[in-house]
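Letters A, B, ... are given to chains in the order of the sequence lines, protein chains preceding strands, and every chain is numbered from 1.
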Protein chains: 2
Amino acid sequence: MFSKACEYGIKATLFIAHRSEKNQRVSLKSITEAINSPEAFTAKILQKLARNKIVHSSKGPGGGFRIEKDEIDQITLSDIVIAIDGDQIYTSCGLGMEECSEEAPCPAHEKFKPIKESLRITLESTNLKELMEDINKGLTFLK
Amino acid sequence: MFSKACEYGIKATLFIAHRSEKNQRVSLKSITEAINSPEAFTAKILQKLARNKIVHSSKGPGGGFRIEKDEIDQITLSDIVIAIDGDQIYTSCGLGMEECSEEAPCPAHEKFKPIKESLRITLESTNLKELMEDINKGLTFLK
DNA sequence: CCAATAAAGGACAAAATTGTCCGAATAATA
DNA sequence: TATTATTCGGACAATTTTGTCCTTTATTGG
Ligand code: FES
Ligand code: FES
């Protein structure tokens, strides 16, 4: 469904949000340990998220990543996916036509449309705060 | 959503079905022209579909690919996807956990579940015949 | 049997994605 | 100011996916 980069990005963001709620910054190392991802690769993804202002980074001792507390319930899965993979997940044709359009639809267009639409709605309406609750309760896992 | 292999596979199958309805066999070449796909790569995919008994192939002059007429409304998108990409689209975790389970779900599990389920239902309930009708009417396109 | 046609399949190549390494930049602190 | 901790970013490497080439095998018709 998503690229590996996107998967790591979502998990990393969730972990950062989790710690940010407790006013803690997190280092790259602690993130990769928490989500079980390759360190340098995860660093690249975090850079992208930082450039997109989804997470905030600071260098030097005591530095690391963090998310503004009041943004935790504003950031959606969709924001993260778009920052990393772009919006092709919404806009591209399921059968790989150059573009997905009503004018020249592929044979499965009408079948894919509602699925892509419900995916969009789900990703856009799911924010980090909501997902973190179950992590806090120990009901869901990051690795 | 799907791999390129899968996309070509679905389009190729649709084109073969389209011609099989008129009792025509189709050659690899005519398929790749119709769906605008790389020839040798498409050949591999068709081999897979043939081994999975979704299409039937015959060598030699006048040979080519075909689908049993009475199977056109039995073959679903799901059959094709599973033959080519396997069932990971249904079974894998959206966040890349080793397995998607209720016991150790990822934080987005409950969000992804209905989407994957509706995808499954759509793919399993969509057969080739249905998709071909709009092709025949010139309403949808294979390239 | 021979020639022509078409798929099968193995080996290889290119491209994209995933992942690693290492030095530079930055910030805290002693 | 020197040291240390940390992210940034460029170059590179490994892996996976996509795509190509070429030989073999099967089938048909003359
Ligand atoms: S054209 Fe293929 S999904 Fe819209
Ligand atoms: S565990 Fe992640 S989707 Fe089910």
Side-chain angles (χ1 to χ4, degrees), chain A residues 1-13 15-16 19-20 24-33 35-67 81 83-86 88-89 92 95-96, chain B residues 1-13 15-16 19-20 24-33 35-67 81 83-86 88-89 92 95-96:
Chain A
M1 182 133 69
F2 306 118
S3 64
K4 277 281 161 197
C6 211
E7 292 175 1
Y8 296 146
I10 293 171
K11 290 197 221 172
T13 310
F15 181 67
I16 298 167
R19 290 296 190 81
S20 294
Q24 295 171 332
R25 284 175 182 274
V26 277
S27 68
L28 172 62
K29 191 140 176 296
S30 65
I31 294 170
T32 60
E33 276 166 9
I35 72 175
N36 196 28
S37 67
E39 196 164 314
F41 189 47
T42 307
K44 306 284 186 201
I45 299 160
L46 287 166
Q47 283 173 38
K48 223 173 202 176
L49 292 172
R51 275 184 236 115
N52 280 275
K53 308 275 168 75
I54 289 170
V55 305
H56 302 269
S57 67
S58 46
K59 296 177 181 178
F65 299 89
R66 129 194 94 80
I67 294 176
V81 172
I84 297 171
D85 281 353
Q88 30 130 348
I89 194 168
S92 71
L95 293 189
Chain B
M1 181 132 70
F2 305 116
S3 65
K4 276 284 161 196
C6 212
E7 292 174 0
Y8 296 145
I10 292 171
K11 290 197 223 172
T13 310
F15 180 67
I16 298 167
R19 291 297 191 81
S20 294
Q24 297 171 331
R25 283 174 182 276
V26 278
S27 68
L28 172 62
K29 191 141 175 293
S30 65
I31 294 169
T32 60
E33 276 164 9
I35 72 176
N36 195 27
S37 68
E39 195 163 314
F41 189 46
T42 308
K44 305 285 186 202
I45 299 160
L46 287 167
Q47 283 173 38
K48 224 173 200 174
L49 292 172
R51 273 185 237 114
N52 280 275
K53 306 275 168 78
I54 289 169
V55 305
H56 302 269
S57 67
S58 46
K59 297 180 182 176
F65 299 90
R66 123 195 100 81
I67 295 177
V81 171
I84 298 171
D85 281 352
Q88 29 130 348
I89 195 169
S92 70
L95 294 189

Subject >> Charged N-O contact under 4.0 Å between A:E33 and A:K29 >> reply: yes
**OP:** Taking only the side-chain heavy atoms of A:A5 (C-beta and beyond), determine which of C:dG9, C:dT18, C:dC21 contains the nearest atom.
**Re:** C:dT18
Subject >> Heavy-atom side-chain contact between A:R66 and A:V26 under 4.5 Å >> reply: no
Original post:
Taking OP1 and OP2 of C:dG19, is either one under 4.0 Å from a side-chain nitrogen or oxygen of A:Y8?
Top reply: yes
Subject >> Exercise: do A:S37 and A:T42 side chains pair donor with acceptor under 3.5 Å >> reply: yes
**OP:** Indicate yes or no: at least one non-hydrogen side-chain atom of B:I16 is less than 4.5 angstrom from one of B:L46.
**Re:** yes
**OP:** Measure the shortest side-chain to side-chain distance between B:R51 and B:Q47 over non-hydrogen atoms and say whether it is less than 4.5 angstrom.
**Re:** yes
**OP:** Using whole Å, report how far CD1 of A:I45 lies from P of C:dT20.
**Re:** 11 Å
Original post:
OP1 or OP2 of C:dG9 less than 4.0 angstrom from a side-chain nitrogen or oxygen of B:R51, does that happen here?
Top reply: yes
Original post:
So, do B:F15 and B:S30 sit near enough that their side-chain heavy atoms are less than 4.5 Å apart?
Top reply: yes
Original post:
In residues 24-33 of chain B, which ones come under 4.0 Å of DNA chain D, going by heavy atoms?
Top reply: none
Original post:
For B:L49 and C:dA7, what is the distance between atoms CG and P respectively, to the nearest whole Å?
Top reply: 14 Å
Subject >> Contact check, side chains of A:I67 and A:H56, non-hydrogen atoms, under 4.5 Å >> reply: no
**OP:** Starting from the 5' end of DNA chain C, give me the residue, B:L46 or A:K44, whose nearest nucleotide shows up first.
**Re:** B:L46
Original post:
Between which nucleotides of DNA chain D, read 5' to 3', does contact with chain A run, using atoms under 4.0 Å from its heavy atoms?
Top reply: D:dT4 to D:dA11
Original post:
B:Y8 and A:L95: side-chain contact (heavy atoms from CB on, under 4.5 Å), yes or no, with the steps?
Top reply: CA-CA 8 Å; B:Y8 296 145; A:L95 293 189; over 6 Å; no
Original post:
Where each residue is assigned the nucleotide of DNA chain D containing its nearest heavy atom, which of B:G62 and B:D85 is assigned the position nearer the 5′ end?
Top reply: B:D85
Subject >> Nearest-angstrom distance from the residue atom CZ of B:F41 to C1' of C:dA15 >> reply: 12 Å
**OP:** Output yes when a side-chain donor or acceptor of A:N52 lies under 3.5 Å from a complementary backbone atom of A:K48, and no otherwise.
**Re:** yes
